[in-house]
Amino acid sequence: MKIVVIGGTGLIGSKLVARLGQQGHEAVAASPKSGVNAVTGDGLAAALAGADVVVDVANAPSWEPAAVLEFFERSSRNLVAAEAAAAVKHHVALSIVGTERSPDNAYFRAKLAQETIIKSSSVPYSIVRATQFFEFLAAIADMGAVDGRIVVPSALFQPIAADDVAARLAEVATGKPLNGTIDIAGPEKAPFNEFIARRLKASGDTRPVVGDPKAPYYGGPIDDTSLVPLGEARLGPTKLATWLASL
């Protein structure tokens with residue numbers, strides 16, 4: 001099976017390409033580095049020729065509200081058009097748990113727009129919504145640095161390991177289109193600040209972590225329902241302690 005991974009050189013994409021290759025599939029890492037640009041359309045037709053499945057895990061280079069919306073709208077429209085022309089049988093997209101529950105978050109709004117375009121296309125699809133990745137906890141902590149402390153939200157959080165995301169995407173990509181959406185998350189749920197504190201402690205960072213219910217998440221307010229699955233979800237097996245031990 002030929003599976004083209006848009007954004008195949010990024011964190012999730014590279015793991016997914018490797019996993020699919022190990023399973024015996026022809027996994028193609030497509031990104032601007034390889035001459036494939038979904039936003040401009042350059043290289044798409046050639047990359048998708050003969051493809052059975054396309055998995056879109058690309059991320060926007062800028063999270064400025066107008067720029068991130070344009071990125072996901074243009075790339076998604078170009079992708080579904082190119083897929084229809086190439087008779088691609090399955091479009092898989094990685095999205096975010098709770099996209100519709102955080103209207104003040106520009107990135108979430110852009111991902112919701114992406115989902116809408118995918119659902120309205122003629123290409124059979126599967127949307128996999130994931131919670132935040134363990135790999136980004138340190139960067140999130142740095143965004144909350146204030147006067148020698150780390151101030152982050154105290155809302156419930158359920159992050160997941162990138163390896164578990166890639167594993168689930170590989171399973172979905174090699175299966176039948178869902179023509180629907182599934183949520184995936186990590187196996188542990190706890191206040192946001194507790195995960196951040198554990199990540200910093202593991203790296204020897206002694207800055208105190210403060211959970212503030214009013215602290216924003218990427219510019220917008222969140223609560224206990226914002227970033228965690230509210231219904232059925234498929235949980236990855238990797239606990240934070242296991243992931244931290246591998247650093």
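Note that the structure is a prediction, hence the values are computed from the model and not measured.
Looking only at atom types and distance, the side chain of E83 has no donor-acceptor partner in the side chain of Y125 under 3.5 Å away.
Residues E194 and F157 form no side-chain contact, since every pair of their non-hydrogen atoms from C-beta on lies 4.5 Å or further apart.
By the salt bridge (Lys or Arg N to Asp or Glu O under 4.0 Å) test, K201 is found to be paired with no residue, residues two or more places apart in sequence or in another chain being considered. Residues satisfying the salt bridge (Lys or Arg N to Asp or Glu O under 4.0 Å) criterion with E70, sequence neighbours excluded, are R74. Residues passing the salt bridge (Lys or Arg N to Asp or Glu O under 4.0 Å) test with K189: none are found, sequence neighbours excluded.
Here the two rings, on F72 and Y107, have centers that are under 6.0 Å apart.
Contact between A170 and Q23 at its shortest, heavy atoms only, is CB-NE2, 4.2 Å. Residues L178 and S126 come closest through the heavy atom pair N-OG, 2.9 Å. Across L11 and F133, no two heavy atoms sit closer than the pair CD2-CD1, 4.1 Å. Scanning all heavy atoms of the two residues, the minimum distance from G186 to T131 falls at N-OG1, 3.9 Å. Taking all atoms of both residues into account, the shortest heavy-atom contact from A202 to L244 is CB-CD2, 3.8 Å. Taking all atoms of both residues into account, the shortest heavy-atom contact from V68 to S62 is CB-O, 3.5 Å.
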Using the side chain to side chain contact (heavy atoms under 4.5 Å, CB included) rule, take V53 and M1 through it: C-alpha gap first, then chi angles, then the decisive distance, then the call.
CA-CA 8 Å; V53 182; M1 183 182 296; 3.8 Å; yes
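Every pair passing salt bridge (Lys or Arg N to Asp or Glu O under 4.0 Å) that includes a residue from residues 127-150 is listed here, sequence neighbours excluded: E100-R129, E115-R129, D142-R207. Sequence neighbours left out, the pairs with a member in residues 218-241 that pass side-chain hydrogen bond (donor to acceptor under 3.5 Å, both in side chains) are D164-T238, D223-T225, D223-S226.
With hydrogens and angles ignored, the 3.5 Å screen pairs a side-chain donor or acceptor of N78 with a backbone N or O of V39.
Apart from V36 itself, the hydrophobic cluster it occupies contains V4, I6, V28, L44, L48, V54, L79, V88, where clustering links Ile, Leu, Val, Met, Phe, Trp and Tyr at side-chain heavy-atom distances under 4.5 Å.
By the 30° and 60° cut-offs, the orientation of the rings of W243 relative to F134 is tilted.
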